[in-house]
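Hydrogens, waters and symmetry mates are skipped; everything else that's a heavy atom, side chains included, is used. If you're wondering where the values come from, they're calculated on a predicted model, not measured in any experiment.
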Amino acid sequence: MPKTRETKRPEHDDKPGSVTQDLAARIARAQGERKVRAEQAQVGAAKDMTGMSRGLRLGSEFIAAILVGAGMGYLLDLWLGTGPWIMLVMLLIGFAAGVLNVARSASEMNKAAPPPPGSDLGPGDEDEDDR
C-alpha cells in the first residue's frame with residue numbers, strides 16, 4: 001500500500017469562502033517570509049563588504065549619475081538644437097543626483113555594518129551627563 005504524502009493544505013470545508021481565505025492567508029504568509037529573507041540578505045551583503053567594494057560601489061554610483069545626466073542633456077541638445085546649454089544643466093543635475101546617491105548608499109552601509117568592537121564612537125549620552 002503506497003504511503004500518502006501529507007500536504008500543508010487543510011481539509012476543505014464545504015463553505016464557499018474557505019478555499020479563498022486559506023489561499024489568501026498562505027500568500028500573505030509567504031510574502032512576509034520573502035520580505036524578511038530579502039531584508040536579511042541585504043543587511044548581510046552590506047555587512048560583508050570590504051573597503052574596496054564599498055569604494056567601488058560608491059564611485060560607480062557617482063560616475064553613473066553624472067554620465068546619465070550628461071548623456072540625457074547631450075541627446076536633448078541634439079534634438080532641440082540648443083548647443084551645450086541643456087547638457088551643462090543636466091550635467092549639474094547628474095552631479096547633484098550622484099552626491100545624493102552616494103550619501104544614501106553610505107548611510108545604508110553604515111547602518112548595516114556594526115562598528116568594530118572596542119572602537120571609540122565619540123561622546124555618548126552617558127558622557128554628556130558628567131558635565
Side-chain angles (χ1 to χ4, degrees):
M1 186 161 135
K3 293 182 181 180
T4 58
R5 224 174 72 183
E6 291 187 29
T7 62
K8 294 183 181 180
R9 296 182 200 162
E11 293 298 321
H12 296 296
D13 297 336
D14 289 334
K15 297 177 187 172
S18 67
V19 174
T20 57
Q21 289 174 351
D22 175 53
L23 181 60
R26 289 185 2 215
I27 289 172
R29 186 175 60 241
Q31 287 175 340
E33 291 172 0
R34 184 177 184 188
K35 185 176 181 181
V36 167
R37 278 187 267 136
E39 289 173 356
Q40 289 174 348
Q42 183 179 13
V43 168
K47 190 185 286 187
D48 295 337
M49 292 179 84
T50 64
M52 185 172 179
S53 63
R54 288 176 191 229
L56 286 173
R57 177 180 172 190
L58 295 176
S60 64
E61 285 187 10
F62 184 65
I63 296 298
I66 292 173
L67 291 176
V68 167
M72 287 175 55
Y74 179 74
L75 292 176
L76 285 171
D77 274 337
L78 285 178
W79 184 49
L80 299 173
T82 57
W85 299 111
I86 294 178
M87 185 182 77
L88 292 174
V89 170
M90 293 299 289
L91 183 73
L92 292 174
I93 291 173
F95 182 81
V99 169
L100 289 174
N101 285 343
V102 167
R104 179 189 46 81
S105 294
S107 68
E108 285 178 5
M109 285 188 268
N110 287 338
K111 285 179 187 175
S119 63
D120 184 17
L121 300 177
D125 292 334
E126 63 276 349
D127 294 336
E128 293 176 2
D129 294 337
D130 294 337
R131 292 183 193 178

By the rule that ILVMFWY residues connect when side-chain heavy atoms come within less than 4.5 angstrom, directly or transitively, which residues belong alongside [X]?
X	value
Trp85	Leu88
Met52	Leu56
Leu23	Ile27

Applying a strict under-4.5 Å side-chain criterion to I, L, V, M, F, W and Y, I'd like to know whether Leu80 and Leu91 cluster together. no
Consider only side-chain heavy atoms of I, L, V, M, F, W and Y, link residues closer than 4.5 Å, and tell whether Met90 and Leu67 are in one cluster. no
Enumerate donor-acceptor pairs with a distance under 3.5 Å from any side-chain N or O in residues 69-77 to protein atoms, sequence neighbours excluded.
{"from": "Asp77", "atom 1": "OD1", "to": "Thr82", "atom 2": "OG1", "distance (Å)": "2.4"}
{"from": "Asp77", "atom 1": "OD1", "to": "Ile86", "atom 2": "N", "distance (Å)": "3.3"}
{"from": "Asp77", "atom 1": "OD2", "to": "Met87", "atom 2": "N", "distance (Å)": "3.0"}

Rounded to the nearest 0.5 Å, the CE atom of Met109 sits from the CZ atom of Arg104 at a distance of 9.5 Å
Drop me the distance from Asn101's CG to Arg57's CZ, to the nearest 0.5 angstrom. 10.0 Å
Which residues pass the side-chain hydrogen bond (donor to acceptor under 3.5 Å, both in side chains) test with Ser105, sequence neighbours left out? Glu61
A side-chain contact here means heavy atoms from C-beta on lying under 4.5 Å apart; do Ile66 and Phe62 qualify? yes
Locate the shortest heavy-atom distance separating Val102 from Leu58; write the atom from each residue and the value. CG2-O, 3.5 Å
Shortest non-hydrogen contact from Ala65 to Ala97? CB-C, 4.1 Å
Tell me, please, which residues at least two apart from Val89 pass side-chain contact (heavy atoms from CB on, under 4.5 Å). Ile93
